[in-house]
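Basis for what follows: all heavy atoms, side chains included, without hydrogens, waters or symmetry-related copies.
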Amino acid sequence: MSEVSSGAAEPASKATGDALAARLLSAHQALAGLNVASEARIRLNLRFMAICTSLKLPGANPASCARRLDRLITDIAHAEGNRGKEV
């Protein structure tokens, strides 16, 4: 099976995809190292999986997924910063 290059749009799309993949990996690693209550960890993991799944669907909108990923990364950092304050 061979792939046919579609032209100039491919490099930009590949660069965008690579950047998004790098941010997904970063979020995954942050989740793996997160030391918070199990309920918070489950909710963050579910959001991460929803983002990953939505990227695989036909007609996926990478820009929308990137915005959702930005919010998730912010919430992971917030959870990490508040981990000692949980009751």
Side-chain angles (χ1 to χ4, degrees):
M1 180 179 218
S2 65
E3 295 184 23
V4 177
S5 177
S6 61
E10 186 176 328
S13 177
K14 181 169 174 27
T16 302
D18 288 348
L20 188 55
R23 290 177 51 225
L24 284 167
L25 178 61
S26 175
H28 176 70
Q29 291 170 339
L31 280 170
L34 192 59
N35 187 19
V36 295
S38 61
E39 183 178 325
R41 176 186 287 280
I42 290 169
R43 287 183 181 177
L44 292 169
N45 273 309
L46 285 173
R47 287 175 56 195
F48 177 74
M49 294 309 299
I51 292 167
C52 292
T53 300
S54 68
L55 282 167
K56 296 177 185 177
L57 296 175
N61 183 347
S64 174
C65 291
R67 286 190 299 273
R68 290 172 60 196
L69 185 57
D70 286 340
R71 288 191 301 268
L72 176 64
I73 291 170
T74 300
D75 290 346
I76 291 169
H78 186 280
E80 183 67 27
N82 289 332
R83 69 180 167 165
K85 300 174 187 174
E86 295 183 81
V87 179

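The two residues Ile51 and Leu72 come nearest to each other via the heavy atoms CD1-CD2, 4.0 Å. Of all non-hydrogen atoms in Cys52 and Leu24, the two that sit nearest each other are SG-CD2, 4.1 Å. In plain terms, the two heavy atoms of Ile73 and Ala27 that are nearest each other are CG1-CB, 4.0 Å.
In this structure, Met49 is a member of the same hydrophobic cluster as Ile76, with clusters built from ILVMFWY side-chain heavy atoms closer than 4.5 Å.
Distance check, rounded to the nearest 0.5 Å: CG of Asp75 to CG of Asp70 gives 11.0 Å. Between atom CG of residue Asn45 and atom CG of residue Leu31 there is a gap of 5.0 Å, rounded to the nearest 0.5 Å. Distance CG/Asn61 to CG/Leu55: 9.5 Å, rounded to 0.5 Å.
Residues satisfying the side chain to side chain contact (heavy atoms under 4.5 Å, CB included) criterion with Ala32, sequence neighbours excluded, are absent altogether. Scanning for side-chain hydrogen bond (donor to acceptor under 3.5 Å, both in side chains) contacts around Arg67 gives an empty result, with sequence neighbours left out. Residues passing the side-chain hydrogen bond (donor to acceptor under 3.5 Å, both in side chains) test with Ser54 are Arg68, sequence neighbours excluded.
Inter-residue side-chain proximity for Leu44 and Arg47 is flagged as met; some heavy-atom pair is nearer than 4.5 Å.
Judged by distance alone, with hydrogens and angles left aside, the side-chain atoms of Ser26 form no donor-acceptor pair with the main-chain N or O of Ala22 at under 3.5 Å.
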